[in-house]
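What follows is one structure encoded as structure tokens, with my remarks underneath.
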Amino acid sequence: MSPALAILKAYAAKRWTLAKLRTKQDVKRRQDKLLASLLDYAGANIPFYKRHAGKHFAYWPVIDKAQTLAHFSELNAHRVTAEQAWDVAEKSLAEANHSGRLGDLTIGTSSGTSGNRGLFLISEAERYQWLGSILARTLPDFPFTRHRIAVMMATGNALYETTQQSGRLAFGFYDLRHGIATHREAMEAFAPDVLVAPPKALRAVAEQNFQIKPAHIFAGGEVLDPLDAIPVTSRYGAMPRSIYQATEGFIGITCRYGMIHLNEDDMLIEREPVEGHPDRFIPIITDLRRRAQAMIRYRLNDILVLSPYRCACGSPLQAIDRIEGRCDDVIEVAEGVTLMPEAIRVAILDAERRLDDFRFEQIGHRRFRVRLPYDAPEESEERVGAALRSLLEQHGGNGIAIQMARGIHEPIAGKLRRIRRINPSAPASQAGAMQREWM
């Protein structure tokens, strides 16, 4: 079967599947069937799981990124070692061809939000399944309409180039490691009608006034913050939609009503509760379709916020209000007392609504640092500092120190984390010029 036909077949299959799933019961029946098939396959073909063959799913182990990398060769059906995969990935990056191929396998990497890079492999058939799923959820007029897709990422691989093989899509890759401005001429000449990039790159394209007319805009690689979505929507008239994808797979996407839905038609997503926050959970994912590399009961490092309502789009797939952030970025106010990143974000923006950017960092025990743009109004420091002090003290943060600093410097190819916990147990470090401390 030709690549173009394989992609069209995968697209049609996914559209048909999504149309058939009308209720939660429909979704569960599909998951149960796919899970039984996956466990049979993994128990027989994935070395790591052979000792679990025949056991109930609840007794299969929960794993994370560190374990996946440590047992890489045991978790794929082809016995490819992590060293072999890294060699292929590094070579493709060095040659800037983004091919990442090892025989019929595609090798991919991610930079990782914390810099801890991920590694994955998928088969040729899974490449087409992935693209069919992406297209079915993002471009429902495909293949009747041709599209020109511009992707801005810090790493590339053959997954992106798969789009070229459909015969109805043109693809342009723009490497964020080279900055934004360097791509302006090429992107304007390419004239994409679909733009895919991390939120801060989308914002930079809009603020630098790239002369393009994207009808569809998708944010990936980072959590989409309204601070970044607003200038993009204002410039191009299209609201960015989030693609929730990681090394571990294609996990969710925003529907036309702006709600993120988890891709439960292809994944089983268990919920690990977050203590003290009944509406939040840590997802433990099982990709029901992958076979080349098993992704079974994989614990992500994200915190998701459940939506209590069924979305107006009518989808039975679970809706979430937002991706709160990383587990590592929950703020420790006092011993045994934590605050979710959203509480910090709301306090800062409610205190100073003129802000269009900020950074909040926990740099030590009861020690925090806030960075504001150089051009933020003078009174912003007073307002933000007072609001944060009030919030933290309400939650037991006695004896806290908040450093206020000016200047936000972040590489465009790095991961955007506006709120993060750097090292809660370490002493506070100096924040540089234009700094003052609230005591």
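Residue numbers count from 1 along this sequence. Values reported hereafter were calculated over all heavy atoms of this structure, with side chains retained and with hydrogens, waters and symmetry mates removed.
Taken from CG in Leu119 to OG1 in Thr109, the straight-line distance is 7.5 Å, to the nearest 0.5 Å. Here CH2 of Trp130 is found 10.0 Å from OG1 of Thr106. Values are rounded to the nearest 0.5 Å. Distance check, rounded to the nearest 0.5 Å: CG of Asp279 to CG of Leu304 gives 11.0 Å. Atom CD1 of Ile251 is separated from atom OG of Ser242 by 12.5 Å, given to the nearest 0.5 angstrom. Between the NE2 atom of His261 and the OG atom of Ser307 there is a distance of 8.5 Å, given to the nearest 0.5 Å. Rounding to the nearest 0.5 angstrom, the gap separating the CZ atom in Arg299 from the CD atom in Gln67 is 11.0 Å.
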Side-chain donor/acceptor pairs under 3.5 Å, residues 311-325, sequence neighbours excluded:
residue: Ser315; atom: OG; partner: Leu317; partner atom: N; Å: 3.1
residue: Gln318; atom: OE1; partner: Arg271; partner atom: NH2; Å: 2.9
residue: Arg322; atom: NH2; partner: Glu324; partner atom: OE1; Å: 3.4
residue: Glu324; atom: OE1; partner: Arg280; partner atom: NE; Å: 2.8
residue: Glu324; atom: OE1; partner: Arg280; partner atom: NH2; Å: 3.0
residue: Glu324; atom: OE2; partner: Glu342; partner atom: N; Å: 2.6

N/O donor to acceptor pairs below 3.5 angstrom from side-chain atoms of residues 188-195, sequence neighbours left out:
residue: Glu188; atom: OE2; partner: Arg184; partner atom: NE; Å: 3.0
residue: Glu188; atom: OE2; partner: Gln211; partner atom: N; Å: 2.8
residue: Asp193; atom: OD1; partner: Arg148; partner atom: N; Å: 2.6
residue: Asp193; atom: OD2; partner: His147; partner atom: ND1; Å: 2.6

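A distance-only check finds a donor-acceptor pair linking the side chain of Lys200 to the backbone of Pro411 [under 3.5 Å]. Counting only distance, with no hydrogens or angles, the side chain of Arg235 and the backbone of Phe210 share a donor-acceptor pair below 3.5 Å.
A salt bridge links Glu124 to Arg101: one of the charged nitrogens lies within less than 4.0 Å of a carboxylate oxygen. Between Arg359 and Glu410 there is a salt bridge, since at least one side-chain N of the basic residue sits less than 4.0 Å from a carboxylate O of the acidic one.
Every side chain to side chain contact (heavy atoms under 4.5 Å, CB included) that Arg241 has, sequence neighbours left out, goes to Phe218, Ile253, Thr254. With sequence neighbours excluded, the residues that form a side chain to side chain contact (heavy atoms under 4.5 Å, CB included) with Leu34 are Arg30, Leu288, Arg289. With sequence neighbours left out, the side chain to side chain contact (heavy atoms under 4.5 Å, CB included) criterion links Glu379 to Glu352, Arg354, Pro377, Arg383. Ala219 is linked by a side chain to side chain contact (heavy atoms under 4.5 Å, CB included) to Pro199, Leu202, Leu224, counting only residues two or more places apart in sequence or in another chain.
A cation-pi arrangement is present between Arg297 and Phe57, with the terminal nitrogen or guanidinium carbon under 6.0 Å from the aromatic centre and inside a 45° cone about the axis.
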After noting the C-alpha distance and the side-chain angles of Arg29 and Asp26, does the key distance pass the salt bridge (Lys or Arg N to Asp or Glu O under 4.0 Å) rule? CA-CA 5 Å; Arg29 280 192 291 270; Asp26 292 339; 2.5 Å; yes
Show your reasoning for whether side chain to side chain contact (heavy atoms under 4.5 Å, CB included) applies to Gln403 and Phe368. CA-CA 6 Å; Gln403 297 176 350; Phe368 309 91; over 6 Å; no
Report the C-alpha separation of Arg203 and Asp356 in whole Å, then their side-chain angles, then the decisive distance to 0.1 Å, and conclude whether the side chain to side chain contact (heavy atoms under 4.5 Å, CB included) test is met. CA-CA 11 Å; Arg203 178 172 176 170; Asp356 62 3; 3.3 Å; yes
Where do Phe358 and Arg345 land on the side chain to side chain contact (heavy atoms under 4.5 Å, CB included) test, with the steps shown first? CA-CA 9 Å; Phe358 69 87; Arg345 179 186 180 279; 4.1 Å; yes
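Between Asn263 and Tyr244, the side chains place no donor N or O within less than 3.5 Å of an acceptor N or O (distance only, hydrogens not considered).
By the 6.0 Å contact criterion, NZ on Lys33 is open, its count of non-hydrogen atoms from other residues, nucleotides or ligands being 12 or less.
Below 30°, between 30° and 60°, or above 60°: for Tyr11 and Phe142 the angle between ring planes is above 60°, a perpendicular geometry.
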